[in-house]
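Below: the structure, in structure tokens.
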Amino acid sequence: MKKRNYTISIYTENNVGLLNRISAIFLKRHINIRSVTSSESEIPNIYRFIIVVKVDGEQIIKLVKQIEKQIEVIAAFYHTDEETIYLETALYKVNSKSLFEERQIQNIIKKSRANIVTVKPEYFVIEKTGWREETEDLYHKLKKYGLLQFVRSGRISVSKSSMEISKHLKNNENE
Amino acid sequence: MKNISGAEAVIHCLLEEGVDILFGYPGGAIMPVYDELYKFENKINHILVRHEQGATHAAQGYARSSGKVGVAIATSGPGATNLVTGIADAQIDSTPMVCITGQVASSLLGSDAFQETDIIGISTPVTKWNYQITKASEISEIFAKAFYIAKSGRPGPVLIDITKDAQFEILKTFEYKKCKKIRSYSSVPAMDNKSLKNAADIINNAKKPFVVWGQGVILGNAENEFKAFLEKSGIPAAWTILGLSALPTDHPLNVGMVGMHGNYGPNKLTNECDVLIAIGMRFDDRVTGSLNTYAKQAKIIHFEIDPAEVNKNVKVDVAVLGDVKETIKDILPLIKSKNHDKWIDEFHNYYKIEYDKVIDNEYNKKKGGLSMAEVIKSLNNHTEGESILVTDVGQHQMVACRYTKFKLSKSNITSGGLGTMGFALPAALGAKIGDPKREVIAVIGDGGFQMTIQELGTIFQTKAAVKIVILNNNFLGMVRQWQQLFFDKRYASTEMINPDFVAISKGYFIESSKVSERNKLDDEVKKMINHNGPYLLEVMIEKEENVFPMIPSGSSVSDIRLE
Ligand SMILES: Cc1ncc(C[n+]2csc(CCOP(=O)(O)OP(=O)(O)O)c2C)c(N)n1
Ligand SMILES: [Mg+2]
């Protein structure tokens, strides 16, 4: 079966060991986590993890079931790239000299619709939000001018279809 | 309750959960709780094991003979890490267990304090749930959750780590409420009537239906429902090693064991049935052999409580999710009364072949060294199918499970999924305490016995009347068998020069004897059974016996070998 990117969305109770418990599921199966982010979700006190993995269609179903089985996981969903709106943010720290000396760089920033976050005498910082290919592309373009630092966030995404967390919570409460 | 310490609160939680027995070992970080145990001595019996691994296996044995949650307790650091094997065993065999570990004071967490170890991190992949308590105010809620999680749904082990300061902390008020639900956890998936009907239709139209059942039937207390289902549908049924004893051995629809060392017929006919009905089992690789050639011709129906088990190893046509006690009961009225005598004859025919080639030669052996099967035969003669069998891991385990006759459920206790050598001796102790009226017989290899041999001390101290049978072949027999069959008899590190087990037993003041002659075996077994108190019988076995039938690992169930 063909491997592809899947975005797993996991709604959880807030718990100290939970990230460890979830990542152990991938570790046990020798599956690389491509990115992970976590934040509070649309429901107060309920957290949302977003994990991106490249696996096949059978594996993703099994993974999500194992995740859902964890006590503090309220529900987990998976989506293909087409089924989600997703973004990553990248920060690029560049030597200030190049901003003033290289005309090109200003063009690059403009064309890639990146933002300058801050400018200091020694360095400046550019931010770009978008798809992996876009932040990657900017990375390659800026690399020539001496990138001092580069960092990219994990993926954040929302699904196009609804994820009925409140319903899940209700079901379990009524049990 | 007012103004009690966290440690005392722990005791009250246990009492509220009906715990009257603990298996454990003390140490610095858990001493406040032990101090309370001293005060509550007449309410909770603490069994001092000789190694913390023994505490977990004893708690497992207790859980599996009694149906209750087993509780093990240990100190931080090495005490906690010694629990890990038993926790992993309980996880893979779905045994309800709560482990309590002491932890260094919360102010010291992360400082590499004396006997600090990250037991939460270590135990995470092998627990159903775990939690570190750092404040006494958390104790009551966490214990309630722990017991609920351990025993509800598909059972499993839970670990609670309690920092020493939380044990000392004084609680102004303490109250306990049993946990009945957790909003993020649904213990039993909702049953859907459509799949139940679909399943019934397929079963009613089957020509050669075949049931394979596992421990789910026992864990769900569904033995009666299961038996009624079989008797109405007339379907032959085979067991996985953990399902053993849920249906009496001599029940006409019980056709034996599936899997690597299972019976010939059930394995062969797995690939000839038209409908395979899996009940409370998880298609472990030791059961299925190669998945590419497993029951491909059959429609598969899976009765299962854990949604993650459905379609995990074997793709099924219909999954009936839910507690088997409910789902089997509910499907019964939809099932037509039938008999499948001709189909069942096929099992009998294969049994005859197996009998001639394997069973007769070992069960009724007449010359040469003693076989393991003869010993089980003798045990069958003297226990009348009513005792609890606890086995360790290896050849003796397979032989004991193949030949022991059972009349009652919850009578077979073994380490199935993890295959933990050293399991049997402490598990037998726990099983005896969990069901003291029943005879408990531990059948153990000479190798595995030496992995937890120190628990003889616990057996002596508690006077638990466990009967221990060492099947001594002076080999790590199961590994030697693989070396013989698959590694050209290169017996790398499998031959063992053993100590005098009888003398060791005497050293622990446990009655014992040794037998190697066929004509004395029965008398020795009888003497052991009639002995009032613990007893060890060492039986010298033919050194290079092999266990057959056998499905070589990675082979098809159809390619099961008789020699
Ligand atoms: C803790 C542990 N270590 C290693 C093994 C691998 N193993 C499986 S069976 C076996 C041999 C067991 O020998 P013995 O206890 O004498 O039983 P026998 O097979 O001879 O009946 C070994 C080493 C295991 N299952 N568990
Ligand atoms: Mg041996």
Please check if the number of heavy atoms outside A:R29 that lie under 6.0 Å from its CZ is greater than 12. yes
Check whether more than 12 heavy atoms from other residues, nucleotides or ligands sit under 6.0 Å from atom CG of A:N45, and answer yes or no. no
Looking only at atom types and distance, does a side-chain atom of A:K65 sit under 3.5 Å from a main-chain N or O of B:V310, one as donor and one as acceptor? yes
Check: [Y] and [X] side chains under 4.5 Å, non-hydrogen atoms:
X      : Y      : answer
B:K312 : A:E58  : no
A:N15  : B:Y131 : yes
A:V16  : B:Q132 : no

Winner by heavy-atom pair count (cut-off under 4.5 Å) against chain B, out of A:K28, A:Q66, A:E72, A:E68: A:E72
I need the residue from A:R21, A:Q70, A:E13 with the largest number of non-hydrogen atom pairs under 4.5 Å to chain B. A:R21
Looking at B:S184 and A:I71, what are the two nearest heavy atoms and their distance? OG-O, 2.6 Å
Give me the atom names and distance for the closest heavy-atom approach of A:K62 to B:N311. CE-O, 3.4 Å
Non-hydrogen atoms of chain A under 4.5 Å away: do they reach the side chain of B:D306, the backbone, both or neither? side chain
Measure distances from B:K180 to the heavy atoms of chain A and classify the residue's part below 4.5 Å as side chain, backbone, both or neither. neither
Counting only heavy atoms closer than 4.5 Å, note whether A:L27 contacts chain B via side chain, backbone, both or neither. neither
Donor-acceptor pairs are to be reported for all side-chain atoms of residues 319-327 of chain B against protein atoms at under 3.5 Å, with residues two or more places apart or in another chain.
| unit_1 | atom_1 | unit_2 | atom_2 | d |
| --- | --- | --- | --- | --- |
| B:D323 | OD1 | B:K325 | N | 3.0 |
| B:K325 | NZ | B:N221 | O | 2.8 |
| B:K325 | NZ | B:E225 | OE2 | 3.0 |
| B:T327 | OG1 | B:D323 | O | 3.3 |

